[in-house]
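Okay, structure first, notes after.
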Amino acid sequence: MSWQLADARLDSRFLLGTAGYPSPDVLCRAVAAAGAEVLTVSLRRQMAGAGRNDFFDRVRETGCRMLPNTAGCHSAKEVMLTAQMAREVFGTHWIKLELIGDDYNLQPDPIALVDAARELIDDGFEVFAYTTDDLVLCTRLFDAGCRVIMPWASPIGSGQGILNPYALATLRARLPQATLIVDAGIGSPADAVTAMQLGMDGCLINSAVAQAADPVGMARAFGLAIEAGRLARESGIMARHDSARASTPVVGQPFWHAS
């Protein structure tokens with residue numbers, strides 16, 4: 001079933017990162033296997049070195065919508081410059097806002113993040129804000145005009161999965177109008193299922209696919225997991241009970257009827 005992401009109507013809830021694959025060919029095959037319609041790209045990291053234009057050309061050839069990011073930025077000034085360059089290169093007003101405050105775990109700067117989001121929005125960008133799962137910070141970002149908020153499951157590239165499912169469930173309950181895309185830390189398709197069952201609108205995944213032994217197979221696995229998790233959420237998961245409950249009710253004594 002199609003869904004709304006900012007100003008686009010999409011079928012897939014799987015947003016895929018483009019960094020760290022064994023080759024551009026493997027990346028393109030992973031995109032096809034995932035059924036992804038949105039790809040993230042980093043100007044600051046992927047423009048370095050020769051052949052960068054070839055890489056961007058290959059990514060464009062997938063036909064997916066581009067979501068440039070500001071990975072590697074540590075200040076609002078760097079964010080604005082990178083975002084404006086990305087808008088020129090890719091011809092999109094979408095930007096994934098990353099403003100890192102700590103280089104050890106790549107945690108966003110909670111103070112500068114909101115200010116940078118406001119500046120980007122004032123400059124006409126549709127801001128997809130990468131953040132921690134902190135309720136107050138996410139609320140501030142939403143109030144600043146970020147329609148899409150991207151809370152982490154755990155630190156970027158760690159593969160630790162969802163460390164605080166309560167926090168994600170709380171975000172869903174308290175920000176019903178926001179589009180919530182879980183971003184960073186997802187390690188396996190099981191994590192993606194859990195995220196979707198908690199009420200996330202989608203998942204952005206990079207390392208868990210790119211670093212898999214078979215990125216193409218893993219991309220397909222994540223695509224199926226995200227779809228399954230969403231369907232489970234919409235279908236209504238049964239309530240948990242403290243004790244066993246027979247699935248077949250007892251209506252009396254068993255009997256045998258001779259014909």
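For the single chain, residues carry numbers from 1 onward in sequence order.
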Heavy-atom neighbours of [X] [atom1] exceed 12 at 6.0 Å:
{"X": "R245", "atom1": "CZ", "value": "no"}
{"X": "R172", "atom1": "CZ", "value": "yes"}
{"X": "Q160", "atom1": "CD", "value": "yes"}

Checklist entry - Taking the inter-plane angle between the rings of F222 and F14 on a 0 to 90° scale, is it parallel (under 30°), tilted (30 to 60°) or perpendicular (over 60°)? => result tilted
Next on the checklist: Students often mix this up, so state it plainly: with edges at 30° and 60°, are the rings of W94 and F128 parallel, tilted or perpendicular?
Outcome noted: tilted
Is there a side-chain contact between [X] and [Y] in this structure, where contact means two heavy atoms from C-beta onward sitting under 4.5 Å apart?
{"X": "L224", "Y": "P189", "value": "no"}
{"X": "K96", "Y": "D183", "value": "yes"}
{"X": "D109", "Y": "H74", "value": "no"}
{"X": "L198", "Y": "L171", "value": "no"}
{"X": "I226", "Y": "R230", "value": "no"}
{"X": "D123", "Y": "R87", "value": "yes"}
{"X": "L106", "Y": "E98", "value": "no"}

Out of curiosity, [X] [atom1] to [Y] [atom2], how far, rounded to the nearest 0.5 Å?
{"X": "R29", "Y": "D214", "atom1": "CZ", "atom2": "CG", "answer": "8.0 Å"}
{"X": "D133", "Y": "N164", "atom1": "CG", "atom2": "CG", "answer": "5.0 Å"}
{"X": "L175", "Y": "L135", "atom1": "CG", "atom2": "CG", "answer": "6.5 Å"}
{"X": "L10", "Y": "R65", "atom1": "CG", "atom2": "CZ", "answer": "7.0 Å"}
{"X": "L113", "Y": "T132", "atom1": "CG", "atom2": "OG1", "answer": "8.5 Å"}
{"X": "R174", "Y": "T139", "atom1": "CZ", "atom2": "OG1", "answer": "6.5 Å"}

Shortest non-hydrogen contact from [X] to [Y]?
{"X": "V127", "Y": "A117", "result": "CG2-O, 4.1 Å"}
{"X": "C73", "Y": "T82", "result": "SG-OG1, 3.4 Å"}
{"X": "C64", "Y": "L39", "result": "CB-CG, 3.7 Å"}
{"X": "V41", "Y": "F56", "result": "CB-CE2, 4.4 Å"}
{"X": "D201", "Y": "T179", "result": "OD2-CA, 3.4 Å"}
{"X": "P215", "Y": "A30", "result": "O-CB, 4.1 Å"}

Please check if [X] and [Y] belong to a single hydrophobic cluster, counting links between Ile, Leu, Val, Met, Phe, Trp and Tyr side chain heavy atoms closer than 4.5 Å.
{"X": "L43", "Y": "L15", "answer": "no"}
{"X": "M66", "Y": "V38", "answer": "no"}
{"X": "L99", "Y": "L120", "answer": "yes"}
{"X": "F90", "Y": "L81", "answer": "yes"}
{"X": "I205", "Y": "V193", "answer": "no"}

Checklist entry - E37 and D11: side chain to side chain contact (heavy atoms under 4.5 Å, CB included), yes or no, with the steps? => result CA-CA 8 Å; E37 297 174 271; D11 292 318; 3.5 Å; yes
For the pair [X] (side chain) and [Y] (backbone), establish whether a donor and an acceptor sit closer than 3.5 Å, ignoring hydrogens and angles.
{"X": "Q4", "Y": "A6", "result": "yes"}
{"X": "D191", "Y": "S188", "result": "yes"}
{"X": "S154", "Y": "G185", "result": "yes"}
{"X": "S12", "Y": "G35", "result": "yes"}

Checklist entry - Checking side chain to side chain contact (heavy atoms under 4.5 Å, CB included) for the pair N206/Y21: CA distance, chi angles, key distance, verdict? => result CA-CA 9 Å; N206 191 162; Y21 289 81; 3.9 Å; yes
Report, one line per pair, each donor and acceptor closer than 3.5 Å where one atom sits in a side chain of residues 140-151; sequence neighbours left out.
from: R147; atom 1: NE; to: E126; atom 2: OE2; distance (Å): 3.1
from: R147; atom 1: NH2; to: E126; atom 2: OE1; distance (Å): 2.5

Item to check | Pair Y130-T40, side chain to side chain contact (heavy atoms under 4.5 Å, CB included): steps then yes or no | outcome: CA-CA 12 Å; Y130 162 65; T40 59; over 6 Å; no
Item to check | Residue pair D25, R58: steps toward the side chain to side chain contact (heavy atoms under 4.5 Å, CB included) verdict | outcome: CA-CA 9 Å; D25 179 65; R58 291 294 302 274; 4.2 Å; yes
